[in-house]
Structures are given as C-alpha cells and as structure tokens.
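One structure below.
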Protein chains: 2
Amino acid sequence: MAAARDEPFDSIAKTLELVGDRWTMLIVRDVFRGLRRFEELRGDLGIARPVLSDRLGKLVDRGILAKARYQEHPPRYEYRLTEMGLELSPALVALMRWGDRWLADAAPGVVLYHRACGTELEQGFWCPKCATTFGPRAIKSRARPNGQPRRAAR
Amino acid sequence: MAAARDEPFDSIAKTLELVGDRWTMLIVRDVFRGLRRFEELRGDLGIARPVLSDRLGKLVDRGILAKARYQEHPPRYEYRLTEMGLELSPALVALMRWGDRWLADAAPGVVLYHRACGTELEQGFWCPKCATTFGPRAIKSRARPNGQPRRAAR
DNA sequence: GGAGTGAGTTCGGGGTACGAACTGACGCCG
DNA sequence: CGGCGTCAGTTCGTACCCCGAACTCACTCC
C-alpha cells in the first residue's frame with residue numbers, strides 16, 4: 001500500500017478502509033436494529049461464518065463495536081455499538097434514504113422519528129446562520145487552513 | 001442469490017449493492033471533487049484500469065453518472081454526476097465527517113460551506129416540528145405501514 | 001447419554017481485483 | 001511525414017479474498 005496521498009476528502013477514503021467492504025456496513029446496520037449475537041447476525045445476513053467472525057473482530061479492534069459478556073460458562077459475548085459506532089448512523093441513514101428515493105424495488109420499510117416528539121425526521125445539511133436545511137447544490141467546499149483545530153462535533 | 005428477504009432497512013442493502021464495493025464511493029467522491037476524466041480518476045485513485053472501466057460503466061448503467069462527450073474524433077467522454085449521483089452527497093458527507101471526527105490520522109482537509117452565506121454547514125437529523133437538529137440517540141424507528149406512499153423528498 | 005445450540009476455526013475451490021502489457025485513435029513537434 | 005506522448009480502454013495471468021461445508025468445543029436440555 002502506497003503512502004497516504006495527502007488529498008482533501010481523504011477522510012472518506014480512510015473511513016471506507018474501515019467500513020467500506022462488502023459486509024461491514026450491513027453488520028453495523030444490523031446491530032443498530034438490535035441484533036447482537038453471532039448467530040442472529042449470521043442468520044440475518046446470510047454471511048459465511050469465517051467472514052463474520054473476521055469482521056466482528058475487526059470492528060471490535062477498531063472501536064466501532066464492543067463485546068459484552070452475556071453469559072459465563074460457555075463465555076458468550078454479544079456485540080454493541082460504541083459511541084464511535086453509533087455515530088455512523090448519519091451515514092447509514094443517508095444510504096437508506098437514498099435507496100428509498102432512487103431504487104424502485106427498495107420500498108421504504110422504516111420511518112425514523114424524533115424521539116422527543118414523534119415527528120418524522122429529516123436529514124439534511126443545516127446552516128446555523130440561515131437556520132435552514134438545504135441540498136447538495138448549495139454546498140461549496142474549501143481546503144481547511146492547515147493545522148486549524150477541528151470544531152467540537154455535536 | 002437468494003430471493004430478497006423482506007426486512008426493514010433493506011434500502012441500505014440495496015444501496016450498498018450499487019455503491020458498496022471497494023471503489024465506487026471513492027469514484028463518486030472524486031467526481032464530486034471535479035475530476036471527470038478516466039485518467040484523472042485513475043491517477044488520483046491508483047485504481048487498476050480494468051476495474052475503473054468496469055465501475056464507470058456500471059455507474060453509468062445505474063444512472064449515477066452520465067457520460068458527456070467532450071471531444072470528437074477520438075470520441076472522448078467525461079463523467080458527470082446525475083441528480084441521482086448528486087444526492088449521494090449526504091452519505092459522502094456523513095462518511096467524511098465520521099472520519100474527521102474518529103480517525104486521528106485523517107485530518108479534516110476540507111470544510112463545507114453553505115453557498116448562500118458562506119457559513120460552515122452542519123449535518124444532522126432535523127426535526128421540522130421542534131426546529132432543532134439532534135443526534136443518533138434521539139432517533140426512534142418504526143416499520144412503515146405497508147403501501148403508504150413515500151413523501152416527496154426535499 | 002444423545003441431541004441441540006452458540007460461537008467460532010480449518011479447509012479447499014472459485015470468483016474477483018490486481019498490475020503489466022497491448023491496442024488504437026488521434027495531436028503535436030521537429 | 002515519422003515518431004512520441006496521451007487518453008481510454010481491453011486482454012491476460014496471477015494472487016488473494018470470499019464462500020460453503022465440515023469440524024471443534026463447551027455447554028444445556030430432554
């Protein structure tokens with residue numbers, strides 16, 4: 001693997017190195033849905049055991065999932081999202097909405113609500129100054145001046 | 001391939017079938033950045049030619065990219081985002097921000113602005129009733145009652 | 001004590017991605 | 001006009017990764 005090219009948008013590449021393979025996002029999605037155990041995941045995804053085993057291990061190594069023992073004696077673990085994993089939800093939601101909108105055969109099977117008030121949520125880009133949401137065409141990008149600290153997220 | 005399981009969140013799986021392989025999202029990202037020609041993309045990504053050729057073809061077939069002839073005579077085409085492709089941006093932005101936040105070695109190289117006013121954008125879940133953004137923990141999900149028409153997006 | 005379950009690991013075969021080399025249609029420059 | 005460079009591919013053989021099937025192991029339940 002070549003040395004990292006120092007290009008902008010590199011975080012996308014870095015992120016996809018961690019979660020961009022064929023199964024990882026689907027595993028994370030299932031854990032979101034509440035599936036936690038090896039056989040649950042395997043049954044739902046139809047993934048080969050060795051591959052699931054490998055992916056879960058990597059997700060734990062990377063801090064996206066955490067193992068929690070749910071029974072001693074045959075020590076059995078279930079997998080839960082860490083904060084890091086939980087924060088993948090904007091990406092998952094974005095993929096879901098794109099599929100709902102653009103793929104005729106992917107009927108929207110799920111609606112997402114704001115827990116506090118039960119209103120169906122929207123996902124969008126938000127301008128805190130104008131206090132509006134807006135679409136992709138209203139985005140401009142600029143290289144961040146080097147070394148400037150990132151803003152605290154959320 | 002087994003018949004589609006009729007599970008909720010299925011749009012995520014469907015979406016990932018189209019853009020979930022190792023390269024496709026990176027290609028889309030590069031087209032977002034303004035790279036349009038075969039060799040530009042190849043040089044930037046370090047992707048093997050046959051793979052790039054195949055992925056571009058599939059992206060065009062699926063309606064995410066469109067070919068536009070930019071010179072006759074050796075007929076040469078460049079690739080541009082369709083509306084469908086453009087709307088992948090929420091997913092790309094979500095992946096980018098996740099990387100910025102959680103991957104120490106992925107310095108945020110790009111800032112995104114609201115074109116109208118120059119303010120740095122946020123991306124979040126938006127509750128139109130409460131007029132606030134909120135995080136993943138404030139989401140609830142429900143199966144959509146069957147056959148209900150999807151809302152007009154954006 | 002035999003069957004069942006949950007969570008894996010081991011083991012070949014097959015499909016896919018890879019880099020390298022080849023093609024072909026030009027344009028440019030001396 | 002002849003050779004070189006460029007752009008956009010395709011062909012080819014290998015190397016790797018994914019897959020399903022079978023095996024393991026530690027238990028529980030009947």
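Below, read A as the first sequence line, B as the second, and so on, with proteins coming before strands; counting in each chain starts at 1. FYI, side chains are in, hydrogens and waters are out, and symmetry mates aren't considered; it's all heavy atoms of this structure.
For Leu18(B), the side chain to side chain contact (heavy atoms under 4.5 Å, CB included) partners two or more places apart in sequence, or in a different chain, are Trp98(A), Leu103(A), Arg62(B). Shown here are the side chain to side chain contact (heavy atoms under 4.5 Å, CB included) partners of Ala48(B), two or more places apart in sequence or in another chain: Pro50(B), Val51(B). With sequence neighbours left out, Arg55(B) forms a side chain to side chain donor-acceptor pair (under 3.5 Å) with Asp21(B).
When the C1' atom of dC28(C) is taken as reference, atom CD of Gln71(B) falls 13 Å away, rounded to whole Å. As a whole-Å value, the separation of Leu52(B) CG from dT16(C) P is 18 Å. The distance from atom CZ of Arg69(A) to atom P of dA7(C) is 14 Å, rounded to the nearest whole Å. Between Ile27(B) atom CD1 and dA17(C) atom C1' the separation is 13 Å, expressed in whole Å.
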Practice task
Classify every nucleotide of nucleotides 13-18 of chain D by which part a protein heavy atom approaches to under 4.0 Å, writing B for the base, S for the sugar-phosphate alone and - for neither, in 5'-to-3' order.
Solution key: -----S
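Relative to the six-membered ring of Tyr79(A), Arg37(A) misses at least one condition, a distance below 6.0 Å or an angle of at most 45° to the axis.
Tyr70(B) belongs to no multi-residue hydrophobic cluster, having no ILVMFWY side-chain contact under 4.5 Å with any other such residue.
Using a cutoff of 4.0 Å between basic side-chain nitrogens and carboxylate oxygens, Glu39(A) and Arg49(A) are scored as salt-bridged. A salt bridge does not link Glu78(A) with Lys67(A): none of the charged nitrogens is closer than 4.0 Å to a carboxylate oxygen.
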Handout entry: Working for salt bridge (Lys or Arg N to Asp or Glu O under 4.0 Å), residues Arg33(A) and Asp30(A)
Key = CA-CA 5 Å; Arg33(A) 288 171 57 201; Asp30(A) 270 9; 3.0 Å; yes
Please list, for nucleotides 7-9 of chain D, all pairs of protein and nucleotide N/O atoms separated by less than 3.5 Å.
unit_1, atom_1, unit_2, atom_2, d
dC7(D), O4', Arg76(B), NH1, 3.4
dC7(D), O3', Tyr70(B), OH, 3.4
dC7(D), O2, Arg76(B), NH2, 2.7
dA8(D), OP1, Tyr70(B), OH, 2.9
dA8(D), OP2, Phe38(B), N, 3.3
dA8(D), OP2, Glu39(B), N, 2.9
dG9(D), OP2, Tyr79(B), OH, 3.0
dG9(D), O6, Arg49(B), NE, 3.3

